[in-house]
Amino acid sequence: MKPHFFDLNYGVTRGDFMEILHVAAECFPVAKAGGLGDVVGALPKYQNRLGVIAKVVIPMYRTSFLYQEEWELVHEGGQYLQEQFFKYSIIREKSNKLGFDLYLVDINGLLDREKVYGYSDDTERFIAFQLAVCDWIFHWQHLPTIVHCHDHHCGLIPFFLTQTNQFRSRLQGIPTVFTVHNAQYQGAFDWSKHTLLPPYDSWKWNLLDWHGQINPLAAAVKSAWRVTTVSYSYLDELTVHAGGLEKLFEYEKGKCVGILNGIDTEIWDPSCDPYLLFHYNKATMAEGKRKNKEEVCKEFGMDPSLPLFSFIGRLVGEKAADLLPVAIQDALLHNPGRANYIVLGSGQKEIEYQLQELRNIAGGFYNCSIGYQEALSHSLYAASDFLLMPSRVEPCGLNQLYALRFGTMPLVRRVGGLIDTVIDIGDTGGYGICFNEASVWDITYSIRRAINLYYENPEKYKGHCAQMMELDFSWDKAAANYLNLYTQLK
Ligand code: ADP
Ligand code: GLC
C-alpha cells in the first residue's frame, strides 16, 4: 500500500520519491466529455502500479460521482480573479477506489455546474481553477516531483508557476509536462481580459501571446519543460496542421515527444464489462458478439443477421461526422439489404438533424441515438462487426482501440493516432481497413471492402477479429514511457 499525501512526513523534499500531480478538466468516471477523460482516469492508476505516486486534480462539477462518493476537505484558500476575490476548497475522494488519489477543486458559482464545458464564462472558470491549483500546491509542505497538465484548460499553469510573482518564488523549480490531446482547441481569449491573470513581469507577455491573443495552448507549449502528444504521427502532423500553431510546434519540436495513449483494459474488457449483457473472450467471441448484436438490433429494430457498422463519437467536422449522412445513404444504395448502420453521438445540431432524418429513408437498415450514453457505447463496441472512424483530425483516438479489444474491425482514415494503431488487412500483419481521404467516396469504398470480406471470406474476417483481440494497447507501456520522461526532468 503506497502512502498518499496525508500519510507523508511533511518535512520531505522533492526527490525522495516520485510524485506526479495530473491536472485536467476531465477524469473518467467523475467527468468525461471524450477521450481526455478516459486518459486521465486511467494513466495515473497504471503509473501508481509502477511504484510512483500519481494523483489527479480536476474541477468539482455537479456530476453523479460527486454525490455517490465520500469526500474529505483537505485545503481551503482564496484567490483574486481581477479584483474579485473567490474562495476555493480542495476535497479528496476517501476510498481511493479509482486507483489514485482524486482531488476536486470547488469554486462556488464557477465550477460547480452540470456540464464540463460550453459556458460563456469558460475562460474565467478555467483560469480560476488553475489559480486555485497553483495556490494549493504552493501550500504543500513538500512539492510534487512533476506537475503534468492536460490540454489548454490547464495550459496556463506552466506559465503561472514560472513567471508570476505570486507563485514562482516557491514553485518555479517544479518540472512541468504538458500533453496536447487536441490542438484544435486552444482556449484563446482577448488581451482585454489579461487582468484575469495574476501579476507577471510584463516583458514576458510574449510567452502568452499567439497572433494577438492570449493563447493558453501556445503558452503551455512555450512554458512547459516538456510537451507530449498522444501519438507519434500526431506530433509530425502538428508542424503542418495545428490550428494555426504549426510554426510554434516546429520551433519547439526539440522538447516535444509523442507517447501513444493506452486503454484501461480493466474497464474495457468484454469478458467482464458490466455494461454488456453477454460476456465473451477470444474463444467465445463469435457467439458473444452475435448475442450482443441481437440485443442491440432488437433495441434499434434491425435484422441481426446482417453485419453491423457503427460510429460512436462527437458529431463534429474533426470526426468527419458531417460526411456520415451522405456516406451512409450511399452505402445503403450500393449495398442494398446487406448491412445495418448505427450512429451514437452528439454535437453540431445540423449533423444531428440530418442523421435523424436519414432514418426516414433507410428502410430499417439505419438508426441513430443522439446524445451521450456510456452504456450504449460499450454495447455497440461489443455488438458491431465494424467501427467507422473517418476522422479529419485524430490525435490518438481511443474508439479504434476499444473496437480492437472487443473484436470489432475498425475502418479508419490514415491520420494521427489511427496511423499508429491500425494496419490495413492488405498489409503484412494487418487487421483493419484504412483509407486516405475524409471523403464520402473513401468511406463508401471502405464499407464495400468490409462487406465483401464479411460475406465472401468469413473465415478470414473471423481470423482478423481474433487477431485484434490479442493486440496489447494497455496503458502499461505508455505509463512506463511517461515515467522515463519524468525521470529525465527530475
Ligand atoms: P475524442 O476524445 O476526440 O472525442 P476519443 O476516440 O479519444 O475521441 O474518445 C472518445 C471517447 O468518448 C470514447 O470513450 C468514446 O466511447 C466516447 N464517446 C464519444 N461519444 C460518445 C457518446 N455519444 N456516447 C458515449 N460515449 C461516447
Ligand atoms: C482528444 C483527441 C483524441 C484522443 C483523446 C485522448 O480528445 O481528439 O484523438 O484520443 O484526446 O488523448
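In this chain, numbering begins with 1 at the start of the sequence shown. Counting convention: from 1, in listed order, for ligands and their atoms alike. Note that the structure is a prediction, hence the values are computed from the model and not measured. Side chains are part of it too, since the values below use all heavy atoms of this structure and drop only hydrogens, waters and symmetry mates.
Using a 4.0 angstrom heavy-atom cutoff, G371 counts as in contact with ligand 1. The shell of residues lying under 4.0 angstrom from ligand 1, judged by heavy atoms, includes G345. Heavy-atom separations between E318 and ligand 1 are all 4.0 Å or longer.
Remark: the S271 side chain and the N281 side chain contain no N/O donor-acceptor pair separated by less than 3.5 Å. Y381 and D273 are not linked by any side-chain donor-acceptor pair at a separation below 3.5 angstrom, with hydrogens and angles left out of the test.
For Q400, no heavy-atom contact with ligand 1 is shorter than 4.0 Å. At a heavy-atom distance under 4.0 Å, only side-chain atoms of K32, from C-beta outward, approach ligand 1. For N261, every heavy-atom contact with ligand 2 shorter than 4.0 Å involves the side chain, none the backbone. At a heavy-atom distance under 4.0 Å, only side-chain atoms of D38, from C-beta outward, approach ligand 1.
Given atom 24 (N) of ligand 1, the protein heavy atom at minimum distance is Q373 N, 3.0 Å. In terms of protein heavy-atom proximity, atom 2 (O) of ligand 1 is closest to G35 N, 2.6 Å. K319 NZ, 3.5 Å is the protein heavy atom nearest to atom 1 (P) of ligand 1. For atom 20 (N) of ligand 1, the closest non-hydrogen atom of the protein is G313 CA, 3.4 Å. The single protein non-hydrogen atom nearest to atom 8 (O) of ligand 2 is N182 ND2, 3.1 Å, given as residue, atom name and distance. Protein heavy atom in closest approach to atom 4 (C) of ligand 2: G397 N, 3.6 Å. Here the heavy atom of the protein found nearest to atom 11 (O) of ligand 2 is H181 CB, 3.4 Å.
Taking the six-membered ring where the residue is Trp, the centroids of F100 and H22 are separated by 6.0 Å or more.
A salt bridge is defined here as a Lys NZ or Arg NE, NH1 or NH2 lying under 4.0 Å from an Asp or Glu carboxylate O, and R413 with D442 fails to meet this definition. Electrostatic pairing of D190 and K193 does not count as a salt bridge here, judged by no charged N lying under 4.0 Å from a carboxylate O. Taking 4.0 Å as the cut-off between side-chain N and carboxylate O, K247 and E250 do not count as a salt-bridged pair. Between K291 and E295 there is no salt bridge, since no side-chain nitrogen of the basic residue lies less than 4.0 Å from a carboxylate oxygen of the acidic one. Contact check on K55 versus E19 returns a salt bridge, with a Lys/Arg side-chain nitrogen under 4.0 Å from an Asp/Glu carboxylate oxygen. Residues K97 and E93 are not paired through a salt bridge, judged by the lack of any N-O separation under 4.0 Å between the basic side chain and the carboxylate.
Numbered from 1 in the order shown, with element, the atoms of ligand 2 that lie under 4.0 Å from a heavy atom of V230 read 12 (O). Atom numbering of ligand 2 starts at 1 in the shown order; those under 4.0 Å from a heavy atom of V39 are 6 (C), 12 (O). The contact set between ligand 2 and E394, taken as ligand atoms under 4.0 Å from a residue heavy atom, comprises 3 (C), 8 (O), 9 (O).
Residue D385 forms a salt bridge (charged side-chain N to carboxylate O under 4.0 Å, His left out) with just one option from K462, K293, R290, K289, and that option is K293.
Counting only non-hydrogen atoms, the option in Y372, Y402, W268, Y381 that gets closest to atom 21 (C) of ligand 1 is Y372. The residue among L398, N182, N399 with a heavy atom at the shortest distance from atom 13 (C) of ligand 1 is N399.
Polar contact check, C396 against ligand 2: a nitrogen or oxygen pair lies under 3.5 Å apart. Checked against a 3.5 angstrom limit, the closest N/O atoms of G35 and ligand 2 fall outside it. Of the N or O atoms in R314, one or more lie within a sub-3.5 Å distance of an N or O in ligand 1.
Heavy-atom minimum distance, I259 versus A478: CG2-O, 4.1 Å. Across all non-hydrogen atoms, the minimal contact from M18 to K490 is CE-CD, 3.5 Å.
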Intermediate values then yes/no, side-chain hydrogen bond (donor to acceptor under 3.5 Å, both in side chains), D38 and Y402: CA-CA 11 Å; D38 285 351; Y402 299 145; 2.7 Å; yes
